[in-house]
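Following: one structure in structure tokens, then a few remarks.
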Amino acid sequence: MLRLKTAAAALLVIAVAAPGCSRNRDVPVELAPSRMTTIGVNAYLWRAALDTISFAPLLQADANTGVIITDWYSNPNLPTERVKVTVAILDQDLRADALRVTASRQVNQGGAWVNAPVSAATVQKLEDIILTRARDLRRTTVRGKAEHMTGRFDPAVADIRWQARWDEAQSFVADTASPKPKTYVLEMFPYPSGRIHMGHVRNYTMGDVLARFRRMQGREVLHPMGWDAFGMPAENAAMERGVHPGAWTRSNIDTMRGQLKRLGFALDWSRELATCEPDYYGHEQALFLDLFEAGLVYRKESEVNWDPVDMTVLANEQVIDGKGWRSGAPVERRRLSQWFLKITDFADELLDGLGELENWPDKVKLMQENWIGKSRGLQFRFRLAEAADGIDKIEVYTTRPDTIFGASFVAIAPTHPIAEAITARDPKAAEFIAECKRGGTSAAEIETAEKKGFLTPIEAIHPLDSNWRLPVYIANFVLMEYGTGAIFGVPAHDQRDFEFASKYRLPIKRVVAANAEEAGQPIVGEAESMDGIAVNSEFLDGLTTEQATAEIIRRAEAGGWGEGKTAFRLRDWGVSRQRYWGTPIPIIHCGKCGAVPVPRDQLPIVLPEDVSFDRPGNPLDRHDAWRNVSCPSCGGLARRETDTLDTFVDSSWYFIRFASEPADKPFDRGEAEQWLPVDQYIGGVEHAILHLLYARFWTRALNRIGRIGMSEPFKGLFTQGMVTHETYRAGDGSWLSPDEVRRDGDDWTHIESGAPVTLGRVEKMSKSKRNTIDPEPIIARYGADAVRWFMLSDSPPERDLEWSEGGIEGAARFVQRVWRLASSDAVSEGSDEALERKLHRAIAAVTEALDGLQFNKAVAQLYELTSAIEKAKPSAMRSKAIRILVQLAAPAAPHLSEEAWAALGETGMIVDAPWPQFDPALLVEDEVTLAIQVNGKLRDTLNAPRGLDRGAAEALALASEKVQRLLDGNAPRKVIVVPDRLVNIVA
RNA sequence: GCCCCUGUGGCGGAAUGGUAGACGCGCUCGACUCAAAAUCGAGUUCCUAACCGGAGUGUCCGUUCGAGUCGGACCAGGGGCACCA
């Protein structure tokens, strides 16, 4: 086999072996973007000259044709000149007459490269040197190493090289002034947790493929990246390791930025932002004040998880089995005064707006719909038998007023004003309420807790029967946040009420049944919550649930004891967090003036740097110099708000800031509207509700106060699946990581101890299960394109993707297959009609798949096209097909495609090449295969010309020997013909 | 507890109500090689030695000439639940 790469290496040695270069073996790969353009490429040339192995992919060469084409390069000592050389080696023996060298030379004149002559003597000299050096290397090269180099695409160098070229050309900088139609592609920005994980790789690969695809389709694409940089993990790191959250976060950002760049994403890094920097959160503070002035921000009491030992507020995730994660102490619910955003003002429009979102998954729209939870019901009052503390009625809300005759109790929330009034005199009630406050605030915790109640001395009077008295309980499953904080219980038709009534031996009376005959049947086992007809309900008897509901509302309104009302499950958004590492809330509390907004000219309110995390609680509370200020209104002593904003506020407008980043305001409306709304937003389904709802709300709020002229921020949404991996457990039940285990046939063993390992389920990659795969070594080993390719292969993007060694190897193999095709293409004549049809079908199918984000289908199509090209004989069409294959693969495997594009002799970079077009006339075949069924079962297939009429198709099918045999002489009862597809004979 | 999603070969998955298993992984056999790797070719749902044939898309029932696809009930697995991001 030829040692083409070594021959070419010699060429480079003569070109760049300048003094001072050869000592610098470890040229840093990661350079500042501005320096990368010039230094990065040259650094690689030097390195390549010193190491023939890693040098190899700098060239495009092929073992069959023996053509080497070097790229343009400059001698670092003579940067105004550059040289490009083509070497054709015509046989393996490296005879002198079997080598043909052509060289091009250009000189830089006033910034433009201009062709310059190359003398015949220079070419002859190059030939001699290449030949001598190549023969020499061929004799001495270690076999294995040489094999490694032969004709293979080596991503280790190619990746960096093309990344530098894109950077140099500013290929992905979005130009707002461009006349081209604009597309905004956005992936949910990452939290800088430390290192990129496979989930990020998958997410950003999908977005990148789309961005590159749209770009090739001729659109001006905005594809930015930034950092959701505030949050708890930074404070945890501060507590555990004593690092400042800012230092920790910024160092993580640096690491992760480098990792993202290594994957070659087509990102506009000039717009990079981090939410933890004052030049971002300062603008956020201004927006907060805008909303405050518009009356969309208010303060009220709300419950938090409180750790009584650490004396700190806990997030839901820090509550494990009702206990604080650090202290292990049982968690209590405690009330704090907090800031809220009036998202409920927008409940109706957030719900209605879902209807316009055609390019959102139905699943997500449904989840948001349920979250908003609009319901039509009856709000009414129970009069109390005896008024106490000036309270003589309980207001309740129900969505099932038709069950009012099935009521057997009234229950109020532990924080209801009546409950609090009772608690004041009854120590037992106080004890019960204290008990209710144990445990976390999450819905799952509250609702799975045992239903408990405290019987109060109060009695409620049934609104339709003044002799009917209902007991009033304080109950742990009633929430003050929803409805009126009080309910009436209908045990027969609500499961929670049923459990409660069973426990406290309250009547369970059926008032809804499937039909009148079932009226007398008892309710057993569990509540029957379905609709039906009313029974045992006096004047409602016989009415459907819907009719009965309308009738009760009518009577309530006529009688003045209640009214029909629309209620929402959606609660206002509590944005106060008792933490340091977040956006400071720009409010000053004054004893005289109350909560006063910070004057605009004092923004940003910057977080103090000199804080410590050696004690629990919010360091801002202890930082007197920062906290104590004078009141902007009266000038008196006042203190800053020490709570910071929920990080969801940060992520509610970053997509606007990406589109427009002026220094003096959050964004420029006109500029932002050039890009927004986001055409395609891609992220994890775990954000389906909160983040997406908050961002929609924030956008609508800005719209309402006249800051931006749009109401929906994300036109298209795609939620991608997780990356999963097998799990492994040692004998003692502890988790083992994939590199601690080895496969022996069907069994797994622990490498270190040799002990058997149990193969667990395939689960989401997580630190706790130790089944994570760090992308970085994988990229180093297989290259960015193979990793990107694997992320798109096999699994549909919305589904989970299981990481496997085989999968990544398959992807790497494909990269080499495309490379072999491209690097071995030789000029050929002639047509190939079958390949042409295949090609046009592939273009159509890949285009359609990418438009629909069905990356796995695009991948499968490209595999098919590759196989077809490999099997085709050389022809002009085959050469064309190879070029189109490379174009079609470019969004997914950009480095390979650039390298292949250059090897094919195409000019310019493939990122600037147009997307291939197809001819619809070539998509249809002249001959079709008809499926022949008898009684719906496939019995035969027949080839027939396209467009055969029904009669002819029927005749053809009946003539089939297999059909004849099955019909056994009988006439068919019926024949169904689907033109060009199938004939079904009903015997 | 409430809400949502998913279920097809050994594995990931494909299939406008119309030939189930495209494409990839794995495996088997063959070619090339001193050998290995790489590469190339053939095969690979199950049952049946093979043919013929039969069965088959979590389970059961239904709609239809025809169901992986539509409807109903069930089973199993996964995700979300307001202070994780």
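Chain letters run A, B, ... following the sequence lines, proteins first, then strands; residues in each count from 1.
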Touch class at under 4.0 angstrom, heavy-atom based, for [X] against every strand present:
X: His691(A); result: nothing
X: Ser576(A); result: base
X: Val859(A); result: nothing
X: Phe648(A); result: base
X: Val986(A); result: sugar-phosphate
X: Asn984(A); result: base
X: Pro190(A); result: nothing
X: Glu864(A); result: sugar-phosphate
X: Glu499(A); result: nothing
X: Trp371(A); result: base
X: Thr929(A); result: base

OP1, OP2 of [N] versus side-chain N and O of [X]: anything below 4.0 Å?
X: Arg799(A); N: C5(B); result: no
X: Lys871(A); N: C40(B); result: no
X: Asn856(A); N: A14(B); result: yes
X: Arg973(A); N: C65(B); result: no
X: Lys857(A); N: A15(B); result: yes
X: Ser793(A); N: G24(B); result: no
X: Arg577(A); N: A82(B); result: no
X: Arg939(A); N: G54(B); result: yes
X: Arg569(A); N: C2(B); result: no

Legend entry - Contact nearer the 5' end of RNA chain B, comparing Leu801(A) with Ser804(A):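 Closer to the 5' end of RNA chain B: Leu801(A).
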
Legend entry - Residue mapping more 5' on RNA chain B - nearest nucleotide basis, Val685(A) or Glu809(A):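 Counting from the 5' end, the first nearest nucleotide belongs to Glu809(A).
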
Inset, instruction - In sequence, state the C-alpha distance, the side-chain angles, and the governing distance for Trp581(A) and Thr249(A), and then conclude on side chain to side chain donor-acceptor pair (under 3.5 Å). - result: CA-CA 10 Å; Trp581(A) 194 232; Thr249(A) 303; 3.3 Å; yes

What about [X], does its side chain sit under 3.5 Å from the base of [N] through a donor-acceptor pair?
X: Gln338(A); N: C83(B); result: yes
X: Arg579(A); N: C83(B); result: yes
X: Glu870(A); N: C40(B); result: no

Parallel under 30°, tilted from 30 to 60°, perpendicular over 60°: which one fits the rings of [X] and [Y]?
X: Phe790(A); Y: Trp803(A); result: perpendicular
X: Tyr204(A); Y: His200(A); result: parallel
X: Phe346(A); Y: Phe697(A); result: perpendicular

Inset, instruction - Would you classify G9(B) as syn or anti? Syn applies when the glycosidic angle is within 90° of 0. - result: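 Judged by the O4'-C1' to base torsion, G9(B) sits in syn, the angle falling within 90° of 0.
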
Out of [options], whichever nucleotide has its closest atom nearest the side chain of [X]:
X: Asn370(A); options: G12(B), G18(B), C4(B); answer: C4(B)
X: Lys937(A); options: A55(B), C3(B), G18(B); answer: A55(B)
X: Ile976(A); options: C4(B), G18(B), U39(B); answer: G18(B)

With both distances kept under 3.5 Å, what pairs with [N], Watson-Crick or G-U wobble?
N: C40(B); answer: G30(B)
N: G1(B); answer: C81(B)
N: A22(B); answer: none

Inset, instruction - Starting from C1' on G80(B), measure out to CG on Leu692(A) and report it in whole angstrom. - result: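 That distance rounds to 13 Å.
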
Legend entry - Separation of C83(B) C1' from Asp643(A) CG (nearest whole Å):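 In whole Å, C83(B) C1' and Asp643(A) CG are 11 Å from each other.
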
Legend entry - Glu864(A)/Lys838(A) salt bridge by N-O under 4.0 Å criterion: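 Salt bridge flag = yes for Glu864(A) with Lys838(A).
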
Inset, instruction - Please lay out, stage by stage, how Asp572(A) and Lys342(A) fare under the test salt bridge (charged side-chain N to carboxylate O under 4.0 Å, His left out). - result: CA-CA 5 Å; Asp572(A) 274 334; Lys342(A) 273 194 191 164; over 6 Å; no

Legend entry - Derivation and outcome, salt bridge (charged side-chain N to carboxylate O under 4.0 Å, His left out), residues Arg579(A) and Glu235(A): CA-CA 8 Å; Arg579(A) 301 188 199 290; Glu235(A) 292 193 26; 5.1 Å; no

Legend entry - Over 12 non-hydrogen atoms of neighbours within 6.0 angstrom of CD in Glu848(A):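 Check fails, neighbour count at 12 or below.
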
